[in-house]
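Shown next, in structure tokens, is the structure this report addresses.
Throughout, protein chains are lettered first and strands after them, A, B, ... in sequence-line order, and every chain is numbered starting at 1.
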Amino acid sequence: MRTHRCGALRATHAGQEVRLGGWVHRRRDLGGLIFLDLRDRDGIVQVTLGPDWTPPEVMERAAGVGAETVVLVKGVVALRPETARNRELPTGDVEVKAVDLAIAGRASTPAIPVARVKGEELPAEELRLLHRHLDLRRPELQRNLALRHRLLQRARATLSALDFYEIETPILTKPTPEGARDYLVPSRLHRGEFYALPQSPQLYKQILMIAGFDRYFQIARCFRDEDLRSDRQPEFTQIDLEASFVAPEDVYAVVEAVLTALWEEAGETVSGGFRRLSYREAMESYGTDKPDLRFGLAISDLSERFRGRGFDAFDSALASNGKIRAIRLPGGAVLSRKEVDALIAEGKAAGASGVATLKREGDRLSGPLAKLEGMTAELAELNDGDLLLAVAGPDSVALPSLGRVRTAAIARLKLQPREKHVFAWIEQFPLFERDPESGTLVFAHHPFTAPHPDDVPRLMAGELEQVRSLHYDVVYNGVELGSGSIRITDPELQRKVFELLGLSRDEAEARFGFLLRALEAGAPPHGGFAIGFDRVVMLLAGAESLRDVIAFPKTTAARALFEGAPTAVDPQEIAELGLKVLP
RNA sequence: GGGGCUGUAGCUCAGCUGGUUAGAGUGCCGGUCUGUCACACCGGAGGUCGCGGGUUCAAGUCCCGUCAGCCCCGCCA
């Protein structure tokens, strides 16, 4: 039916007779001459119709085609006249002189434009989702999904070459009361019972390791019934992997190979390797567990330097086991009072009771900290033009506050990154964290995460806060790309953890008995990782929203506008499931 | 669950302190036009101002409610 894609034609094709199929992107009808921009997934080429080479009835037909109509064109590729070439188009040196044009699919006037006027804003997101078939025709989204395809293939090829088997796991699974809210699926055959859609294939991949498959991966769809954000969809895709007889180092090597391959596939060069930071180092130096290491600006401890200098807020913080933490902004002295106030507000929003500042301009120090006894530029280690922002208090407050100040300052000062891509492993996360509401200790990750071997005695002794885990994250330019861990393989340790979670032996058996039985059948040491694939595509495509790298995304209220899901169903179907909808 | 922003022609937007017949660009329809590429030019049609209620002599504009989209907090082991 066709010989080439529209976007593929170049000067080398000149003289060839071609048949094309595509969508009419735009029409320019000059009366005697008609130009059609014909578009397919590869790009746009100009089709030219004129009385010298196009039969009159074809001219007439072409004069009537509207935007987005699908046409089949037969013609000859010709070099354009020298003065009529279009440098902005890859196909701009040529045009197709049409001898025939058939209308294959006439389009009604598009509800939203595919070809936009230069400078025109995109249609409202609601309309783009409602008319997704049209929005997806836009070259940007075509490009994003083409990239997504290539990244998927590259991930598969890379893992397959590393001896990983791609194995599918169920979509209808067992509900898990912990963690995110499950999407539930009622069972017709078993009235009153429910499946859940998987939040991740976590337990299945562990069972696969216990079953001896050694290395598994899956491009896995995951479902979580929680409120959404611009970087969160109710269903999303992970590159999920798990391997046996591994230490964290072995998992790191695999994940690094995959991520490096993906960046390469997108045309980026990754160098400098993956940094390593413990959770503690990340928090102490950057105030976050996902630091953007493209910038320096580490947090420093000024407790001793600023102790006992007549600043009450500092001394009282130190007296109650707090620290004075600070960040130096080179060139920060240029910030206006208003801009500095905005940074202080960031710190306060994260819980700091105050953010004290010190500015150096020439030999002059200014700001609230300038009046500390014995304050000098040397004491504060400030260079000319620097701004110091300090927070005193317990680390649990001071560090995250300065982390937010740091991020805001980088944006405010429009600092140039020292490197383009910085990947880092964050290791040795605590196994437990304090629930801010109840104050009780809860699992920081899922309950299958192995404790750090050195800390198992502490775990058994109930010194939970001190217990580190074998959980690790990959962070890229301040964005968390994924996480993983070495898993618990000792059934008794796993039982102990369920107990710490507050599950009775019976409850643990009812919920996770299948895992415990598997562990008792001889489990190899194993661990794995999951890469948030949508987020990776978004970063590599330069997209601003996950919705721009997913063909059919949901709205922030988890609706599918195009097809209209969710929707009410026939009461009879509901009755068949043994359910009743409450008003 | 809470907060914020937005909703006016098919699309993108303007519409002042409440005041005559709600505008522009683009698209659409008709016409002229042989080198355009956001073609140009002439003419025309096109409106439940998201929806419901209220205040007022008078509401696109003010108030209350509601729906939808987006952003943020909570939430996402």
For a quick test of reading the model: is some side-chain N or O of A:Thr556 closer than 4.0 Å to OP1 or OP2 of B:C70? yes
Can you tell me the Watson-Crick or wobble partner of B:G74, both distances under 3.5 angstrom? none
Opposite nucleotide pairing with B:U21, Watson-Crick or G-U, both atom distances under 3.5 Å: none
Between A:Glu242 and A:Gly528, which heavy-atom pair has the shortest distance, and what is it? OE1-CA, 3.2 Å
Verify the contact: side-chain N or O of A:Thr555 to OP1 or OP2 of B:G69, cut-off strictly under 4.0 Å; return yes or no. yes
Please determine whether any donor N or O and acceptor N or O are separated by less than 3.5 Å between the side chain of A:Arg80 and the base of B:C37. yes
Separation of the C1' atoms in B:G74 and B:G2, to the nearest angstrom: 8 Å
Aromatic contact between A:Phe429 and A:Tyr472, with the criterion being ring centroids under 6.0 Å apart: yes or no? no
So that I know where these two stand, are A:Phe529 and A:Trp425 an aromatic pair - ring centroids less than 6.0 Å apart? yes
Taking N and O atoms by type only, does the side chain of A:Asp227 place a donor or acceptor under 3.5 Å from a partner on the base of B:C75? no
For the pair made of NZ in A:Lys97 and C1' in B:U36, what is the distance, rounded to whole Å? 14 Å
Is there a side-chain contact between A:Arg28 and the phosphate of B:C39, meaning an N or O under 4.0 Å from OP1 or OP2? yes
Looking at A:Arg232 and B:C75, is any side-chain donor or acceptor paired with a base atom of the opposite kind under 3.5 Å? yes
OP1 or OP2 of B:C73 versus the side-chain N and O atoms of A:Arg229: is any pair under 4.0 Å? yes
Say you pick atom P in B:G27 and the same atom in B:G10; how far apart are they, in whole Å? 16 Å
I'd like to know if A:Lys348 pairs up with A:Asp341 as an ion pair, taking the criterion as any Lys NZ or Arg NE/NH1/NH2 lying under 4.0 Å from an Asp or Glu carboxylate oxygen. no
OP1, OP2 of B:G27 versus side-chain N and O of A:Arg26: anything below 4.0 Å? no
